[in-house]
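The structure appears right after this line, and notes come after that.
Atoms considered below: every heavy atom in the structure, side chains included; atoms not considered: hydrogens, waters and symmetry mates.
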Amino acid sequence: MNVRFYKTAILCATLSFAAPALSQTDINLGAVNADQTAPVEITADSLSIEQSSGTAIFEGNVVLGQGDLRLSAGRVQVVYNDASGDISRLSASGGVTFVTGTEAAEAREAEYDLDNGTLVMSGEVLLTQGASAISSDSMRINLETGAARMEGRVRTVFAQGGN
C-alpha cells in the first residue's frame with residue numbers, strides 16, 4: 001500500500017473521532033432552484049382531508065413536485081394558511097428522499113416551509129453529490145439560495161479524482 005492511502009486513512013479516522021466543533025458543515029446545493037410560488041403537485045395512494053384543522057394527509061408512495069424540487073415519502077401532511085388558503089407547510093415522514101439534478105438526500109422525515117423557503121430534513125440524513133457523501137443528524141436547506149447546513153455528528157467521504 002502506498003503512503004497516500006495511509007494519509008487518507010489517518011485523515012478519515014481523525015475526522016470520524018473529531019470533537020463536536022466539527023459537528024456542523026455548510027454546503028451549497030447548486031442545482032436547487034425551488035420556486036415557492038410554483039404549483040405543488042402531489043400524487044399518492046390515498047388522501048384524507050380534515051377541514052376543521054385545515055390539513056390534508058397523503059399516504060402511500062407520495063411524490064411531491066414543485067418547480068425543480070422533487071420529494072418522495074411514505075406520508076405527507078399538508079397544512080394550509082388560514083388567511084390565504086395556500087399551502088403553508090408540508091411535513092413528510094416514512095422515509096423521505098429529496099432529489100435535484102446532481103444531488104440526492106435521504107432522511108426519516110422532512111419539513112418543507114413554503115412561507116420561508118426552507119426544507120429541514122432530520123433523522124439519519126445522507127446527502128450524495130456525485131461520488132461524495134455526507135451524513136448527519138439534520139440538514140437545513142435554503143431553497144432560494146441552495147445553501148445548506150448539516151448538523152449533528154457530520155461524517156463525510158470525499159471522492160478524489162484519480163483515486
Side-chain angles (χ1 to χ4, degrees), residues 5 7-36 40 42-45 53 55-81 87-161 163:
F5 172 79
K7 285 182 181 178
T8 303
I10 290 169
L11 176 63
C12 288
T14 302
L15 287 175
S16 67
F17 295 107
L22 294 177
S23 66
Q24 62 187 28
T25 300
D26 293 327
I27 55 177
N28 191 338
L29 304 179
V32 176
N33 187 12
D35 176 4
Q36 290 91 334
V40 176
I42 303 174
T43 59
D45 294 337
S53 64
T55 62
I57 299 173
F58 293 86
E59 292 186 286
N61 302 308
V62 182
V63 178
L64 179 144
Q66 184 184 34
D68 293 338
L69 183 143
R70 295 287 176 265
L71 187 138
S72 63
R75 180 180 191 272
V76 173
Q77 179 180 13
V78 178
V79 178
Y80 296 93
N81 182 307
I87 295 173
S88 177
R89 183 173 43 89
L90 300 162
S91 297
S93 60
V96 179
T97 303
F98 170 70
V99 180
T100 70
T102 57
E103 293 100 6
E106 298 176 8
R108 282 191 295 228
E109 51 194 28
E111 292 283 328
Y112 177 20
D113 185 334
L114 279 79
D115 294 336
N116 295 318
T118 59
L119 175 67
V120 178
M121 301 182 78
S122 58
E124 300 175 12
V125 177
L126 174 63
L127 171 67
T128 56
Q129 294 177 306
S132 297
I134 304 172
S135 65
S136 68
D137 296 329
S138 69
M139 176 173 65
R140 173 180 292 276
I141 306 168
N142 179 323
L143 295 171
E144 292 177 15
T145 65
R149 181 175 195 85
M150 299 184 80
E151 296 181 320
R153 201 64 191 150
V154 177
R155 296 164 298 280
T156 62
V157 175
F158 294 110
Q160 300 294 319
N163 285 341

Close side-chain approach of [X] to [Y], heavy-atom, < 4.5 Å:
X	Y	result
Y112	L143	yes
Y80	T55	no
L119	F98	yes
V40	L114	yes

Between atom [atom1] of [X] and atom [atom2] of [Y], what is the distance when rounded to the nearest 0.5 Å?
X	Y	atom1	atom2	answer
I87	N81	CD1	CG	11.0 Å
I42	L90	CD1	CG	5.5 Å
R89	N116	CZ	CG	11.5 Å
R153	E124	CZ	CD	15.0 Å
M150	L126	CE	CG	7.5 Å
E103	Q129	CD	CD	4.5 Å

Open item on the list: Between I134 and M139, is the side chain to side chain contact (heavy atoms under 4.5 Å, CB included) condition met? List the steps.
Closed with: CA-CA 10 Å; I134 304 172; M139 176 173 65; over 6 Å; no

Do you know the tightest heavy-atom contact between [X] and [Y]?
X	Y	result
G65	R70	CA-NH1, 3.2 Å
A92	A73	CB-CB, 3.9 Å
V154	S136	CG2-CB, 4.0 Å
V96	E109	CG2-CA, 3.6 Å

Across all chains, not counting sequence neighbours, the side-chain hydrogen bond (donor to acceptor under 3.5 Å, both in side chains) partners of S88 are D115

Worksheet entry | Side-chain H-bond candidate by donor/acceptor type, S135 with R155, under 3.5 Å | yes

query: Got more than 12 heavy atoms from elsewhere within 6.0 Å of CZ, R140?
result: no

Sorted by chain and number, sequence neighbours left out, side-chain contact (heavy atoms from CB on, under 4.5 Å) with E106 holds for T97

